[in-house]
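The structure appears below as structure tokens.
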Amino acid sequence: MRKKMVMLSALLGLCLTAAFGMGVQAADETEPATELAGTETPETNELGIVEAEQWSEEYPEIVESYLANKDNSEAYSYVEAHPEIATLYEGMGFSSDYNSARGHSYTLEDVQATTRPHALSNCLACKTADYVQLLNKYGVDFYSMSFEDAVAEMNEPITCYDCHTNDPSLGAAPIRQPMIDAVGEDYDSISSSVLSCGQCHNEYYFEPENKAVTHPYTGIANATPDAILAYYNEMGFTDYQNPRTLTNQIKVQHPEFETFMADGSMHKALSCADCHMEKATAADGTEYRSHTWVSPLASQSIMDNTCAACHTDAETVTAKVKDLQEEITARETEVAQILVDLTEKLAAAVEGGEYTDEELDAIRALNRDAQFYWDFVFVENSEGAHNSTLSRNCLDKSEELANEALALFK
Ligand code: HEC
Ligand code: HEC
Ligand code: HEC
Ligand code: HEC
């Protein structure tokens, strides 16, 4: 392991030397000093992390429930389920390789299995705490290190350290600085059981200059779809260009945090943990949170004990979730068809040559905004359950903008 670290710092030194004409003083000769006073913290690994299974003596049930995330292994192809994305995402990897999410145990496996190009290490930022440790050590240049070199240094998928550092007895908290910076002054007003999930389940982009993970807002008031789109448009940010329409598109990621925090969300008094981590009782009678992160619908205990405390009963609230999801996904498909139509008409117009650049650019601008609003809902993992008001509004805006664009064709 130590040999690995020395090799990494040599590699990084090399790539930084090439880029900036200077070496990096990697302080990797000293073991990380993470011994916590007064607690029986197991020994840390070479990245300064106590690995999950080392906690099994102190927190046997929690570690067992954490390991059970392996059972959430099913994933399906969005590309097969939603053929329209081959057109809408044309020009970027997600158009041909895009699977649904599964359990936290699989983050490192899945990020390596995708055939989407991920040239840089920054794709690993929300897959493992190991990444955060190396980033802290090497600084912002670590984001632009090669993916292959960086992934070889990663030990574990999402682990205790991601939400607790090396002291779970202190409760949960985010460790990812970009999210801490993005919520800014609102940090103290947001539950740490929301922020610890929100540090990864969010919308982000790679800063073009240094490839750093960055969130498109500061403060929760600016974390709405409208404000985020305005932010991207102002900086002229582009994730990919559609090769036929030449529209500079934005690819939204997985904005669960922003959707949950926005106006219209009915459950701001709860945390992500309340609905996604069931309460259980240990052998010694103490209550703990299961660390098997699941859909609430997959937990009879959450449905009966958490949801039914406010809703009539588990059946009623399950039906409510399913009805909403059916409505929102049907609307997604409907609006996607309009976006596909717009994409094809625009591609034909580009090819045909009877439009001026100015006319085409006006259509492209509407195309970009329309697709952003649709994507914000399509890639959000609750399919309308977290905030159906926001999801509906986004899809309505998308349709309006797409129709406005379609009206510009001669
Ligand atoms: C370190 C980043 C990170 C943190 C922190 C994190 N997640 Fe995740 N989560 C992911 C990734 C990445 C996936 C998808 C894994 C895959 O498909 O390989 C995922 C998957 C999930 C899934 C499974 C989704 C499915 O469709 O089966 C649930 C549920 C979930 N997370 C909930 C939570 C909750 C609740 C929290 C906070 C207690 C949380 N996550 C914190 C990154 C994170
Ligand atoms: C009031 C309860 C509630 C809260 C609070 C909540 N969620 Fe959810 N979440 C749901 C429901 C309901 C679904 C839809 C489940 C399904 O489709 O089976 C869902 C779906 C998800 C999924 C997809 C899981 C899957 O199996 O498909 C993820 C990931 C997720 N939520 C993350 C979060 C994060 C992160 C937060 C906090 C920012 C959060 N949730 C807050 C109820 C909640
Ligand atoms: C994705 C984030 C996340 C990860 C990873 C995680 N935890 Fe937690 N953990 C939480 C949250 C959130 C709570 C608090 C729930 C609440 O609001 O009460 C919690 C609570 C706890 C508690 C307090 C007692 C309890 O059950 O409420 C302990 C102890 C704990 N976790 C240990 C661990 C250990 C050990 C690991 C690794 C095997 C781990 N956690 C991994 C998010 C996480
Ligand atoms: C603290 C009380 C409370 C708890 C606990 C609670 N809800 Fe709700 N929920 C509400 C209220 C209030 C509303 C708004 C009125 C309504 O639609 O019933 C709501 C609305 C909803 C909606 C509609 C949301 C939308 O955006 O249209 C869904 C879906 C939902 N709840 C699911 C759940 C699920 C699933 C759970 C458990 C995981 C849960 N709720 C737990 C109070 C709660």
Side-chain angles (χ1 to χ4, degrees), residues 50-56 58-67 69 72-75 99-111 113 125-129 131-132 157-164 167-176 179 191-202 254 256 259 264-267 269-277 279-280 282 286-299 302-303 305-312 314 316-325 328 381-382 384-392:
V50 178
E51 296 184 8
E53 294 193 47
Q54 290 178 276
W55 289 113
S56 52
E58 193 150 350
Y59 305 114
E61 289 89 359
I62 290 179
V63 172
E64 197 184 321
S65 67
Y66 161 88
L67 292 173
N69 286 299
N72 177 4
S73 62
E74 300 277 319
N99 287 344
S100 66
R102 52 182 184 153
H104 280 178
S105 320
Y106 295 98
T107 55
L108 284 178
E109 213 175 287
D110 289 347
V111 73
C126 69
K127 307 294 188 288
T128 165
Y131 191 87
V132 179
I158 298 170
T159 188
C160 319
Y161 195 92
D162 277 291
C163 305
H164 297 295
D167 194 354
S169 71
L170 296 177
I175 60 166
R176 286 170 173 74
M179 176 47 71
S191 153
S192 49
S193 298
V194 169
L195 278 174
S196 60
C197 312
Q199 65 179 322
C200 298
H201 287 269
N202 59 44
H254 20 62
E256 281 85 70
T259 299
S265 171
M266 313 273 188
H267 298 107
L270 303 175
S271 74
C272 319
D274 288 325
C275 297
H276 289 283
M277 296 169 76
K279 283 186 178 151
T286 54
E287 200 174 69
Y288 70 96
R289 287 274 185 186
S290 161
H291 281 57
T292 314
W293 291 280
V294 287
S295 154
L297 304 189
S299 162
I302 293 177
M303 297 310 288
N305 302 319
T306 307
C307 314
C310 298
H311 294 275
T312 317
T316 318
V317 75
T318 301
K320 193 180 180 73
V321 170
K322 297 222 154 132
D323 285 353
L324 267 181
Q325 291 183 324
I328 297 296
N381 280 297
S382 78
H386 285 152
N387 188 344
S388 69
T389 308
L390 187 82
S391 301
R392 261 183 225 112

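Counting starts at 1 for both ligands and their atoms, in listed order.
The two residues Pro296 and Ile302 make their nearest non-hydrogen contact at CB-CG2, 3.9 Å.
Checked against side chain to side chain donor-acceptor pair (under 3.5 Å), Thr306 has no partners two or more places apart in sequence or in another chain. Leu297 pairs by the side-chain contact (heavy atoms from CB on, under 4.5 Å) definition with Ser295, Met303, Thr318, Val321, Lys322, not counting sequence neighbours.
Those atoms of ligand 1 that come under 4.0 Å of a heavy atom in Gly103, given as number and element, are 15 (C). With ligand atoms numbered from 1 in the order given, ligand 1 contributes 18 (O) to contacts under 4.0 Å with heavy atoms of Tyr106. Heavy-atom proximity to Arg176, at under 4.0 Å, picks out these atoms of ligand 1: 1 (C). Below 4.0 Å from some heavy atom of Cys275 lie the following atoms of ligand 4, by number and element: 38 (C). Taking every heavy atom of Thr306 and a limit of under 4.0 angstrom, the matching atoms of ligand 4 come to 5 (C). Listed by number with element, the atoms of ligand 4 under 4.0 angstrom from any heavy atom of Pro296 are 38 (C). Of all the atoms in ligand 1, the ones that sit under 4.0 Å from a non-hydrogen atom of Asp110 are 16 (C), 17 (O), 18 (O). Annotation for ligand 4: atoms under 4.0 Å from non-hydrogen atoms of Val321 are 29 (C), 35 (C). The atoms of ligand 1 that sit less than 4.0 Å from any heavy atom of Thr107 are 11 (C), 12 (C), 15 (C), 18 (O). Close contacts between ligand 4 and Asn387 involve ligand atoms 26 (O) [criterion: under 4.0 Å to a heavy atom].
Side chains of Glu256 and Asn381 form a contact here, defined as non-hydrogen atoms less than 4.5 Å apart. In this structure the side chain of Ser169 reaches within 4.5 angstrom of the side chain of Tyr59, judged on heavy atoms. You'll find the side chain of Glu74 stays beyond 4.5 Å of the side chain of Arg102, heavy atoms only. No side-chain heavy atom of Thr259 sits less than 4.5 Å from a side-chain heavy atom of Ser265. Within the 4.5 Å cutoff, no side-chain heavy atoms of Asn305 are placed close to those of Lys279. Residues Pro157 and Tyr106 form no side-chain contact, since every pair of their non-hydrogen atoms from C-beta on lies 4.5 Å or further apart. Counting heavy atoms from C-beta outward, Thr107 and Val111 have side chains that stay 4.5 Å or more apart. Using a 4.5 Å heavy-atom threshold, the side chains of Thr128 and Thr159 count as separate.
Neither the backbone nor the side chain of Val111 comes within contact range of ligand 1; no heavy atom lies under 4.0 Å. Using a 4.0 Å cut-off between heavy atoms, Ile302 contacts ligand 4 through its side chain alone, with no backbone atom that close. Contact annotation for Ser388 and ligand 4: heavy atoms of both the backbone and the side chain come within less than 4.0 Å of the ligand.
Ligand 1 has no atom lying under 4.0 Å from any heavy atom of His254. Under a 4.0 angstrom heavy-atom cut-off, Asn72 registers as being in contact with ligand 1.
In this structure, His311 and His267 have tilted ring planes: the angle between them lies in the 30° to 60° band.
Taking OH from Tyr288 and OG from Ser65, the interatomic distance works out to 5.5 Å, rounded to the nearest 0.5 Å. With rounding to the nearest 0.5 angstrom, the SG atom of Cys272 is 7.5 Å from the NE2 atom of His386.
Side-chain N or O atoms of Ser391 include one that pairs as donor or acceptor with a backbone N or O of Asn387 at under 3.5 Å. Judged by distance alone, the side chain of Asp323 and the main-chain N or O of Lys320 form no donor-acceptor pair under 3.5 Å.
Protein N, O or S atom count below 2.8 Å of atom 8 (Fe) of ligand 4: the structure gives 2.
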Using a 3.5 Å cut-off on N/O to N/O, what pairs does ligand 3 make with the protein? A line per pair would be great.
{"from": "ligand 3", "atom 1": "7 (N)", "to": "His164", "atom 2": "NE2", "distance (Å)": "2.7"}
{"from": "ligand 3", "atom 1": "7 (N)", "to": "His291", "atom 2": "NE2", "distance (Å)": "2.9"}
{"from": "ligand 3", "atom 1": "9 (N)", "to": "His164", "atom 2": "NE2", "distance (Å)": "2.8"}
{"from": "ligand 3", "atom 1": "9 (N)", "to": "His291", "atom 2": "NE2", "distance (Å)": "2.9"}
{"from": "ligand 3", "atom 1": "17 (O)", "to": "Ser193", "atom 2": "OG", "distance (Å)": "2.8"}
{"from": "ligand 3", "atom 1": "18 (O)", "to": "Arg289", "atom 2": "NE", "distance (Å)": "3.4"}
{"from": "ligand 3", "atom 1": "26 (O)", "to": "Arg289", "atom 2": "N", "distance (Å)": "2.7"}
{"from": "ligand 3", "atom 1": "31 (N)", "to": "His164", "atom 2": "NE2", "distance (Å)": "2.9"}
{"from": "ligand 3", "atom 1": "31 (N)", "to": "His291", "atom 2": "NE2", "distance (Å)": "3.0"}
{"from": "ligand 3", "atom 1": "40 (N)", "to": "His164", "atom 2": "NE2", "distance (Å)": "2.8"}
{"from": "ligand 3", "atom 1": "40 (N)", "to": "His291", "atom 2": "NE2", "distance (Å)": "2.9"}

Set out, in order, the CA-CA distance, both residues' side-chain angles and the distance that settles side chain to side chain contact (heavy atoms under 4.5 Å, CB included) for His291 and Cys160, then state yes or no.
CA-CA 10 Å; His291 281 57; Cys160 319; over 6 Å; no
